[in-house]
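Have a look at the structure below, then the notes.
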Protein chains: 2
Amino acid sequence: MEFKEAKNKFVQTWGALGSQWGINKTMAQIHALLMVSNEAVSMEDIMEELQISRGNASMNLRALMDWGIVYKEYKAGERKEFFTAEKDLDELASKISRERSKREIKPALKILKEVSTIEAKDSEEEKHFVDQTSKLYDFVLKADNMLDKMTEFNDNWLGKLVIKMMK
Amino acid sequence: MEFKEAKNKFVQTWGALGSQWGINKTMAQIHALLMVSNEAVSMEDIMEELQISRGNASMNLRALMDWGIVYKEYKAGERKEFFTAEKDLDELASKISRERSKREIKPALKILKEVSTIEAKDSEEEKHFVDQTSKLYDFVLKADNMLDKMTEFNDNWLGKLVIKMMK
DNA sequence: TTAAACTTTCAAAAATAATTGAAAGTTTGT
DNA sequence: ACAAACTTTCAATTATTTTTGAAAGTTTAA
């Protein structure tokens with residue numbers, strides 16, 4: 001396979017993956033493109049490579065920056081802006097998980113707590129509801145904490161030991 | 001808050017969460033409804049509670065069964081089918097992660113391997129591409145394995161110890 | 001074998017999400 | 001202050017996904 005083809009394949013694949021995870025296709029593609037570029041890329045070039053409009057590029061770059069996984073860069077003598085992606089994968093994973101936690105998991109936990117603390121009068125139906133949502137609350141809380149600590153855990157010696165043992 | 005209200009809130013929240021994770025809203029709502037029901041629910045009742053059409057209910061129930069997280073049940077003397085959700089949360093998480101791995105991560109890994117093994121002739125650009133996609137391959141592979149082992153890890157003594165330490 | 005009681009399928013319609021492009025906004029150099 | 005070189009915004013359009021509902025299919029009991 002030739003470089004250009006490989007690059008294109010990667011960008012397409014990453015884009016498709018993104019849309020399965022609630023991130024829009026273009027956003028994931030831009031991110032993919034920046035990840036494998038060894039130098040900062042201008043909006044013009046992003047538009048050209050992905051064949052998208054200026055507005056689309058602008059909005060999705062903004063979203064990526066809000067996620068904290070793409071940065072703006074300025075080049076001396078150039079008026080236009082350039083963009084780079086976070087390339088350290090531990091850092092990337094950490095930012096993504098922090099952001100998803102904040103946007104999705106925390107609000108869900110809040111609701112889970114609310115609904116799991118209603119007074120479960122008499123019926124079996126209500127008891128089961130409270131029981132199941134309480135379990136869910138604990139579970140999601142635990143999973144959220146784990147994700148939170150995943151990166152540092154991944155780096156630390158005990159983590160490495162445990163990972164080896166799990167293989 | 002009253003039971004009916006709490007139940008509705010839970011179903012709505014779970015549904016919204018689902019759509020952020022690439023699962024459609026109705027599918028997630030049906031799952032939510034079944035999770036908090038202490039007994040098996042008929043299609044008729046699902047349609048009624050969620051205000052959806054027969055076709056919609058049928059298709060989404062099928063999808064949930066394909067994921068292995070909802071089961072059909074038959075009641076003696078009743079001709080119609082009833083449905084229940086997997087209620088054990090470790091089991092649920094394990095099935096979801098197995099399924100997503102199979103459907104999304106494994107295919108992506110295959111592509112990552114392909115594109116990361118092109119011959120990186122001379123240019124810095126190509127070298128960077130191969131380097132970055134290789135790292136990504138390793139990272140995704142590692143993360144995939146971790147998810148795979150999460151449940152058993154969660155249950156085992158060492159895991160519990162580590163989790164305690166991380167808190 | 002028939003018919004009642006169900007479930008599944010799928011083309012069409014509706015709802016939702018992403019994209020465009022041009023006008024408005026901003027920044028920088030002179 | 002002006003205008004060139006950019007970026008952002010957002011209403012309208014386009015594309016994608018989901019939902020509907022009625023016809024076709026299936027199962028069961030008599």
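Per chain, numbering begins at 1; letters A, B, ... match sequence-line order. Keep in mind it's a predicted model, so treat the numbers as computed, not measured.
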D/dC10 C1' sits how many Å from A/R54 CZ, rounded?
-> 16 Å
Can you check the B/I52 CD1 to D/dG21 P distance for me, whole Å?
-> 12 Å
Write down the distance between CE (A/M59) and C1' (C/dG21), rounded to a whole number of angstrom.
-> 12 Å
Phosphate-side-chain proximity, B/T26 and D/dT18, N/O vs OP1/OP2 below 4.0 Å = no
NA contact type, A/N24, heavy-atom cut-off 4.0 Å: base, sugar-phosphate, or nothing?
-> sugar-phosphate
When you look for runs of 3 or more Watson-Crick or G-U pairs in a row, both distances below 3.5 Å, which of them include DNA chain C?
-> C:1-30 with D:1-30
What are the two closest non-hydrogen atoms of A/Y137 and A/K113, and how far apart are they?
-> OH-NZ, 3.4 Å
A/N60 has an atom CG; how far is it from atom P of C/dA17, in whole Å?
-> 15 Å
In whole angstroms, how far is the P atom of C/dA5 from the CZ atom of B/F82?
-> 15 Å
Atom OH of B/Y74 and atom P of D/dT27 are separated, to the nearest Å, by 9 Å
Could you say whether A/E78 or A/G55 is positioned toward the 5' end of DNA chain D, judged by the nucleotide with the nearest heavy atom to each?
-> A/E78
In terms of heavy-atom contacts, B/M35 and B/F10 come closest through CE-CZ, 4.4 Å
In residues 30-50 of chain A, what residues come within less than 4.0 Å of DNA chain C, judged by heavy atoms?
-> none
For A/L34 and A/A85, the nearest pair of non-hydrogen atoms, with its separation, is CB-CB, 3.6 Å
Return the minimal non-hydrogen interatomic distance between A/A57 and A/M47, and the atom names on each side.
-> CB-CG, 3.9 Å
Quick note, A/K72 side chain, CB onward, closest among D/dT19, D/dT8, C/dT19 is D/dT8
Nearest atoms (heavy-atom pairs only) where A/V130 meets A/S116 | CG1-O, 3.5 Å
Integer-rounded Å distance: C/dT27 C1' and A/E81 CD = 10 Å
Selection from D/dT19, D/dC6, D/dT9 that lies nearest to any side-chain heavy atom of A/K80 = D/dC6
Quick one: B/I23 CD1 to D/dT18 P, roughly how many Å, whole number?
-> 11 Å
Which nucleotide in the list C/dT20, D/dC6, D/dA29 gets nearest to the side chain of B/R79?
-> D/dA29
